[in-house]
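As structure tokens, the structure follows; a few thoughts come after it.
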Protein chains: 2
Amino acid sequence: MNPANRENDDAARAAGSSLVQDFGLLIKAATRLEQRIDTALRRECEVSHTMFEVLIRLCRRPGEEISQRRLADDLTLTSSGITRLIDRMEGAGLVRRGPAPGDRRSVLVEATEHGRAVFLRAAAVHAQVVERYFVAPVARADYARLTHALGEIDKALRDT
Amino acid sequence: MNPANRENDDAARAAGSSLVQDFGLLIKAATRLEQRIDTALRRECEVSHTMFEVLIRLCRRPGEEISQRRLADDLTLTSSGITRLIDRMEGAGLVRRGPAPGDRRSVLVEATEHGRAVFLRAAAVHAQVVERYFVAPVARADYARLTHALGEIDKALRDT
DNA sequence: GCTCAGCAATTGATTGATCAGCAATTGAGA
DNA sequence: TCTCAATTGCTGATCAATCAATTGCTGAGC
């Protein structure tokens, strides 16, 4: 067998490997899921999924203030990414920027009254989609294992 | 209790719900995982993760030809997205466009020799990352359930 | 107290996606 | 046979992210 055929063969084996398939599945499922949420949130509440993720963090406690730095780390965004995201959210009246008491480099972000109201509506939409496409398709017993497994993956990723 | 406090309360409960947390975990884990793969592939093989996904499909069989339409559906890209992706891949010498025998609207895409060689190297990098961050963190027994669950999610998404 | 390495946020340029709209092609029904 | 809706791929405009460079501020070492 000549080298070119050998290469084609190896390539076919690699392309068909179940590891490759399974991994593709994870990425594809997550991407579609996020797209679904994003579309629903934009249509019904005029917020992107990313903005929703920011609001989750700002609405955990009334009056909660979080620095842009921390938000960026949390959402896996760069500092410039978070600057522009908060720009848009501020423009939409969802959040407010304020100075950080101990450090004048840092900017604290806080949800406005309007931001909280939008979050409340968005959370209902979010719950609907998640229930339908994430919880329902997974049998009860599998659910716990799934989330545990995802936690382990995430830990492995964060730790490096 | 006045209405504003009630709203804050509801918002806090929604933000803290474990459904919201778990879902966030899935998205975050998948996003980070993809980012990791993408970075590794770009650094070591000068291909994006999306290009890699195209190559997987083109390298399953030697001489395999797939229409742009089918690739777009498979990768959840729009038709313009796939056009530009294939433009770049063609520019990099990874794939070749050709006419579709039965339908003159359609364009068939095929991997070049160089594309196959790059895919082979990329598959090794891919396997390393997947092994480390996807397989290893998940205990043996959990692995099958995880993939099964993901399959169910994906099916639910595709069916609508 | 002074300096200087390092961090937070912002801005400009670039990348890679989307959407809307277009031309060419197809195929099914009047 | 002709017409017309649907489909494929392409192009221009826009959006949201990245990187790189810049500004302002902090804090540790001398």
Side-chain angles (χ1 to χ4, degrees), chain A residues 27-28 30-32 34-43 46-55 65-92 94-110, chain B residues 27-28 30-32 34-43 46-55 65-92 94-110:
Chain A
I27 300 299
K28 201 165 51 173
T31 303
R32 286 196 173 138
E34 186 176 18
Q35 236 169 40
R36 200 63 62 109
I37 292 267
D38 191 68
T39 306
L41 287 177
R42 280 176 197 276
R43 191 183 50 234
E46 285 163 353
V47 236
S48 68
H49 177 242
T50 322
M51 292 180 182
F52 180 72
E53 287 291 327
V54 170
L55 287 177
E65 290 181 310
I66 304 184
S67 77
Q68 291 194 174
R69 180 69 264 159
R70 184 139 154 44
L71 285 171
D73 289 343
D74 240 38
L75 305 200
T76 341
L77 276 182
T78 57
S79 63
S80 72
I82 204 72
T83 292
R84 277 151 179 157
L85 178 61
I86 300 300
D87 283 352
R88 292 192 297 275
M89 293 183 73
E90 206 176 25
L94 297 167
V95 302
R96 193 178 9 249
R97 278 192 243 235
D103 189 336
R104 270 193 290 178
R105 291 169 303 179
S106 189
V107 172
L108 293 186
V109 184
E110 181 189 12
Chain B
I27 300 300
K28 200 165 53 174
T31 304
R32 287 193 171 140
E34 187 175 17
Q35 233 170 43
R36 200 63 64 110
I37 293 267
D38 191 69
T39 306
L41 287 176
R42 280 176 197 276
R43 192 183 50 233
E46 285 162 353
V47 236
S48 69
H49 176 243
T50 321
M51 292 180 181
F52 180 72
E53 287 291 328
V54 170
L55 287 177
E65 290 181 310
I66 303 183
S67 76
Q68 290 195 175
R69 180 70 263 159
R70 184 140 154 43
L71 286 172
D73 289 343
D74 239 38
L75 305 200
T76 341
L77 276 182
T78 58
S79 66
S80 70
I82 203 72
T83 292
R84 278 153 177 154
L85 178 61
I86 300 299
D87 282 352
R88 292 193 295 277
M89 293 183 74
E90 206 176 25
L94 297 167
V95 301
R96 192 178 12 249
R97 278 192 244 234
D103 189 336
R104 271 194 289 177
R105 292 169 303 179
S106 189
V107 172
L108 294 185
V109 184
E110 181 190 13

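Scope of the values below: all heavy atoms of this structure, side chains included, with no hydrogens, waters or symmetry mates. Convention: sequence-line order gives letters A, B, ...; per-chain numbering from 1.
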- Quick one: B:His49 NE2 to C:dG16 C1', roughly how many Å, whole number? 15 Å
- Report yes if some heavy atom in the side chain of A:Ile86 is under 4.5 Å from a heavy atom in the side chain of A:Leu71; otherwise report no. yes
- Message: On DNA chain C, does the nearest nucleotide to A:Asp103 precede the nearest nucleotide to A:Asp87 from the 5' side, or the other way round? Give the residue.
- Response: A:Asp103
- Task: Flag yes if more than 12 heavy atoms outside B:Glu110 fall under 6.0 Å of its CD atom; otherwise flag no.
- Result: yes
- Task: Spell out protein contact along nucleotides 15-24 of chain D as letters: B when the base is contacted, S when just the sugar-phosphate is, - when no protein heavy atom is under 4.0 Å; keep the 5' to 3' order.
- Result: -SSBB----B
- Query: Side-chain N or O of A:Ser106 less than 4.0 angstrom from OP1 or OP2 on C:dA9?
  - Reply: yes
- Measure from CZ on B:Arg69 to C1' on C:dT26 and round the result to the nearest Å. 15 Å
- Tell me: CG of B:Leu75 to P of C:dG16, nearest whole Å? 15 Å
- Query: A:Arg104 has an atom CZ; how far is it from atom P of C:dG6, in whole Å?
  - Reply: 23 Å
- Task: For residues A:Arg69 and A:Asp73, report the shortest heavy-atom separation together with the two atoms involved.
- Result: NH2-OD1, 2.9 Å
- Task: Taking all non-hydrogen atoms of both residues into account, name the closest pair between B:Pro101 and B:Leu108 and its distance.
- Result: CD-CD1, 3.9 Å
- Task: Determine the minimum heavy-atom distance between B:Leu41 and B:Ser48, stating which atoms define it.
- Result: CD1-O, 4.3 Å
- Residues that A:Glu90 engages under side-chain hydrogen bond (donor to acceptor under 3.5 Å, both in side chains), provided they are two or more places apart: A:Arg97
- Given that B:Arg97 and A:Gly102 both sit by DNA chain D, which one's nearest nucleotide is further toward the 5' end? B:Arg97
